[in-house]
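Written out below as structure tokens is the structure these notes cover.
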2 protein chains.
Amino acid sequence: MVTTATDIAKQAGVSQATVSRVLSGKGAQARIAKTTQAKIQALAKELHYRPSFAGQALVRGKTRSIGFMCGDICNPHFNELADLAMREVEKRGFHLVLAVIKWDATQNNLEAFDSLLARGVDGVIYFGADIRKGTAQHTQITGGKFPFVSIEQAFNGLPSIVSDNQIGLDEAVAHFKENGHRRLAYFGFAEPDKELPLARAAKRHGLSLSRHHVTIPLGAWAQIPQRVRAAAHQFADLPERPTAVFVSSDHLAHVFASGLWDKGLRIPEDVSVIGYDGTAAGGFMVPPLSSVDFDNERVIRLAVDTVCAQIEGRAGAAKKMVVPTRLLVRKSVVPVP
Amino acid sequence: MVTTATDIAKQAGVSQATVSRVLSGKGAQARIAKTTQAKIQALAKELHYRPSFAGQALVRGKTRSIGFMCGDICNPHFNELADLAMREVEKRGFHLVLAVIKWDATQNNLEAFDSLLARGVDGVIYFGADIRKGTAQHTQITGGKFPFVSIEQAFNGLPSIVSDNQIGLDEAVAHFKENGHRRLAYFGFAEPDKELPLARAAKRHGLSLSRHHVTIPLGAWAQIPQRVRAAAHQFADLPERPTAVFVSSDHLAHVFASGLWDKGLRIPEDVSVIGYDGTAAGGFMVPPLSSVDFDNERVIRLAVDTVCAQIEGRAGAAKKMVVPTRLLVRKSVVPVP
DNA sequence: TTGAAAGCGCTAACAG
DNA sequence: CTGTTAGCGCTTTCAA
């Protein structure tokens, strides 16, 4: 049914090894006769030859594929990242295998990681979901031998790429201030990486800061939207409602905006908002969402470079890379009335 | 470095075949001594044994993975579908390999398909992008032998799952009419599958219908957003602007809404809109977008069932399955002023 | 209850 | 310039 190199060898009257040499591009180097090459090439085309993935993987000990672990792929930040990763990885001759982290799992483990290893990936790019958890066991599994790079979350000793949120958040707060806002709020999951820099920035610029956390019980992952919406409703009903809100992700900002809308509030007329991630999707919100931009391109390029280097043995490289964030000004912040 | 079955066999003092039997769950059936089983299991755990993907794939002739081809993964319809497909496929013990169709390729070919085959998938679920093209060559490649199912686009003779747009579009038009709208517009790419049923429905309900096509030159895929936005601007400036618009996808509806906003127009106050796809993302638009729902769950379940059946030799099954669409009423249609 | 052996499709080292 | 040979890690007869 499926054509193998041996089939071609038989028909061409040469050895299977010769076929392999020609078809894997080593023909020139091995100085195979032009005529033989041509014959084999022709046969290969005619019989729709396609090297067996499993055969190659087995003998090479590599599948030439890289795993990408991330949260809910319906979150624009993750799908935009996955899209970039796919292109970047393919550019280097690898395949990308996606694995979505299952937060609704009963255990707090990352089955996705096991799934990727079972799938035979040569390395993994790990990008935790919105809510981060310790994953000691898997860090151990990797043990520093397996090509691995983590985005945003730094595992001890393993290469990681984290963003410097202070810069972007400073700009965000400054932007709010320039527009006359005095009462700032944080809206989102509990994320110290964002809340601490935000608090610092607020202090620096003399704005008050309140925090509005959305909490999701373990296993209730599916009801995130409802809970976020409910939290937005609560926010809308606040007596001394802040006029400026930093939402911890663009994805949440969508739901937040929708929740405000339910209550008859509008962005930016009633409340000015800045998101986080700088997604393209945010640019199509009504109004276009200003956001702290994560520099996806750079992060992904670094991540892919890092795993590839490890896979190909050219190790070394920095252990921890820091990428700056910056404010992306669109239309969701206006002067306070 | 990596533990193999042979390693375990050596340490356990048994043959590698026995290890394989135990570890692949055939221990009971092959009546291996309980003690032997226990010893092997223990060793496997201790040494972090993980069957080699390539080894298994080679001997089985199957990778137990299914390819999913679709358009831009940043389009909510596609990422919601991919997400479902992933879960559905994993439920059956397969992996999903994503391949995004590259419309910006110079050739009108689907490299994604080749990429999947190179990746050794056992079957393919094909879901064309917004703009569909003939892909004769690949239809030939599949030749009816390779497990394959197409969503929305019916290839000659191959299993396919298409939606019945007439139902949903009738409901959509009826909904517009109930709200007093008389002038209806189609906004989107040229898609006969949607435009024809829409025209029929409009006629039936006595509404006028104008068409506003967004055209993208081949290779200009990257500038879709700008072009859609520009088209929305043009629409906004129309002298006799329709009050009701059917947008060919929720994804486009986002951009359309954003384009109207640029011009100071609001949904639903100035124009009522119904999208297509019924994405969850549409539910977070401001205002929540009414949409013709595609019944993702059902389509994906059918698709996965169909490829799996082919892969596992239980062939047969219907050649062409039709899934009804229906209107999902949210908040983007209001009575005409 | 278990071992020996064959072979999946491919690459690469070693001979010519 | 090309053939032979030896595995890669696993499953699966066939024997014992």
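Order of the sequence lines sets the chain letters (A, B, ...), proteins ahead of strands, with each chain counted from 1.
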Taking [atom1] from [X] and [atom2] from [N], how many angstroms apart are they, rounded to a whole number?
X       : N      : atom1 : atom2 : result
B:Ile40 : C:dT1  : CD1   : P     : 14 Å
A:Arg50 : C:dC8  : CZ    : P     : 21 Å
B:Leu58 : C:dC10 : CG    : C1'   : 8 Å
A:Arg64 : C:dT11 : CZ    : C1'   : 15 Å

Using a 4.0 Å heavy-atom cut-off, does [X] contact any base of the nucleic acid, only the sugar-phosphate backbone, or nothing at all?
X       : answer
B:Tyr49 : sugar-phosphate
A:Ala17 : base
B:Arg21 : base

Trace of the salt bridge (charged side-chain N to carboxylate O under 4.0 Å, His left out) decision for A:Asp83 with A:Arg87: CA-CA 7 Å; A:Asp83 189 47; A:Arg87 295 178 202 284; 3.1 Å; yes
In terms of the angle between their ring planes, are A:Phe294 and A:Phe127 parallel, tilted or perpendicular, with boundaries placed at 30° and 60°? parallel
Going by the angle between their ring planes, with limits at 30° and 60°, are B:Phe148 and B:Tyr126 parallel, tilted or perpendicular? parallel
Identify the 5'-most and 3'-most nucleotides of DNA chain D with at least one atom closer than 4.0 Å to a non-hydrogen atom of chain A. D:dC1 to D:dG9
Establish, with yes or no, whether the OP1 or OP2 oxygen of [N] is under 4.0 angstrom from a side-chain nitrogen or oxygen of [X].
X       : N      : answer
A:Ser52 : C:dC8  : no
A:Gln56 : C:dG9  : no
B:Thr18 : C:dG3  : yes
A:Ser20 : C:dT11 : yes

Can you tell me how far apart [atom1] ([X]) and [atom2] ([Y]) are? Round to the nearest 0.5 Å.
X        : Y        : atom1 : atom2 : result
B:Leu116 : A:His95  : CG    : NE2   : 8.5 Å
A:Lys91  : A:Arg301 : NZ    : CZ    : 7.5 Å
A:Phe68  : A:Ile151 : CZ    : CD1   : 5.5 Å

Against A:Ile161, only a single residue in A:Ile125, A:Val322, A:Val149, A:Asp305 fulfils side-chain contact (heavy atoms from CB on, under 4.5 Å); can you say which? A:Val149
Would you kindly compare B:Arg60 and B:Lys34 by the position of their nearest DNA chain C nucleotide and give the one closer to the 5′ end? B:Lys34
Both B:Gly13 and A:Gln16 contact DNA chain C. Which one's nearest nucleotide lies toward the 5' end? B:Gly13
From the set C:dA4, C:dC10, C:dT1, return the single nucleotide nearest to any side-chain atom of B:Thr36. C:dT1
